[in-house]
Novice: 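Okay, handing you the structure first.
As a basis for the values below, the full set of heavy atoms in this structure was taken, side chains included, without hydrogen atoms, waters or symmetry mates. Positions are given from 1 along the sequence. For ligands, and for the atoms within them, numbers begin at 1 and follow the listed sequence.
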Amino acid sequence: MNAQNNISNLAKLINERSGGKPVDMGLILGSGLSGLVDLIENAVAVPYDELPGFPHAGVSGHSPNLVIGTMEGVNVAVFGGRSHYYEHGKADAMRVPLEVLKALGAKAVCVTNSAGSLREDLPPGSQMLITDHLNLSGTSPLIGEPGDARFVDMVDCYDPKLVAAARRGAEEIGIDLKDGVYAWLSGPAFETSAEIRMLKTLGADTVGMSTVPEVILARFLGLKVVGFSNVTNMAAGMSATAITHAQTKEWAAKSADQFQALIKAFLRQI
Ligand code: HPA
């Protein structure tokens, strides 16, 4: 089966399960943030295992289901888990899910992540609106892509109108949502203190191991993007606490209520 047929078949299978209402927006949930799926109304879950080309559950803290439904009147397709570059060395591992999202009718995708903070005014438990990113991984999901479409313009890749909607949403619920730049490093080891000092010099505000390849793919596919970091720890060398994945999940759970309220407020504003 060629790739395009596979995407159409996957979209058809999902539409058969969900009733086929066109999706407005995709949401990709970061580590420990999959509780958001419980807020989806008229939810229909399709396990990734039933969707050829979707990633297998590789990292704890993620829920490997695509859930279709509505939130705040917006038709959403929520990806409970993502595939990370560090799991297999493939930067384009989320390409099929994003192509399917587009085939379901979505015009935009909201990417979320758990991240380390490089700023004292972004402590664990806070959220940051991603307004730009640094791709420091040395790779791209479009390596090997033929044709000129691979030369994607990344200026304003976080869509200014959606960014403005996120700001309005935060204001509506009284969250002091800061803007910032997210830096993608491959992981899976956390950073050294020297790397974090370097990232500060380069202008990073949060750091993590995901999101950026999806943003590049989304822009390649013509999907608008908005993104949020949920801060789970101060970056390496910035606090006395050792950084662990358990801590990421713990802080993601602690901040889940505020994170979910922010996503809902954003959806009300679009
Ligand atoms: N670094 C990289 N990835 C992360 C971090 C971090 O400090 N916290 C959560 N994900």
Novice: Is there a donor-acceptor contact under 3.5 Å linking the side chains of Thr131 and Asp179?
Specialist: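 No, no side-chain donor-acceptor contact under 3.5 Å.
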Novice: Hydrophobic clustering (ILVMFWY, side-chain heavy atoms < 4.5 Å, transitive) - are Tyr182 and Trp251 grouped together?
Specialist: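 In one cluster: no.
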Novice: Is Ile270 linked to Ile173 within one hydrophobic cluster, defined over Ile, Leu, Val, Met, Phe, Trp and Tyr using a side-chain heavy-atom separation of less than 4.5 Å?
Specialist: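 Yes, one cluster joins them.
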Novice: When rounded to the nearest 0.5 angstrom, what distance separates CG in Asp92 from CD1 in Ile143?
Specialist: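 Going from CG on Asp92 over to CD1 on Ile143, the span is 10.0 Å.
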Novice: Which residue is it: Lys178, Lys200, Arg119? I am looking for the one with a salt bridge (Lys or Arg N to Asp or Glu O under 4.0 Å) to Asp205.
Specialist: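 Per the salt bridge (Lys or Arg N to Asp or Glu O under 4.0 Å) rule, the option paired with Asp205 is Arg119, out of Lys178, Lys200, Arg119.
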Novice: Between ligand 1 and the protein, find all N/O pairs closer than 3.5 Å and give the distance for each.
Specialist:
{"from": "ligand 1", "atom 1": "1 (N)", "to": "Glu191", "atom 2": "OE1", "distance (Å)": "2.8"}
{"from": "ligand 1", "atom 1": "1 (N)", "to": "Glu191", "atom 2": "OE2", "distance (Å)": "3.3"}
{"from": "ligand 1", "atom 1": "7 (O)", "to": "Asn233", "atom 2": "ND2", "distance (Å)": "2.9"}
{"from": "ligand 1", "atom 1": "8 (N)", "to": "Gly116", "atom 2": "N", "distance (Å)": "3.3"}
{"from": "ligand 1", "atom 1": "8 (N)", "to": "Asn233", "atom 2": "OD1", "distance (Å)": "2.7"}
{"from": "ligand 1", "atom 1": "10 (N)", "to": "Ser114", "atom 2": "O", "distance (Å)": "3.4"}

Novice: May I ask you to decide whether Arg167 forms a salt bridge with Glu171, counting only side-chain N to carboxylate O separations under 4.0 Å?
Specialist: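 Not counted as a salt bridge, because no side-chain N and carboxylate O are separated by less than 4.0 Å.
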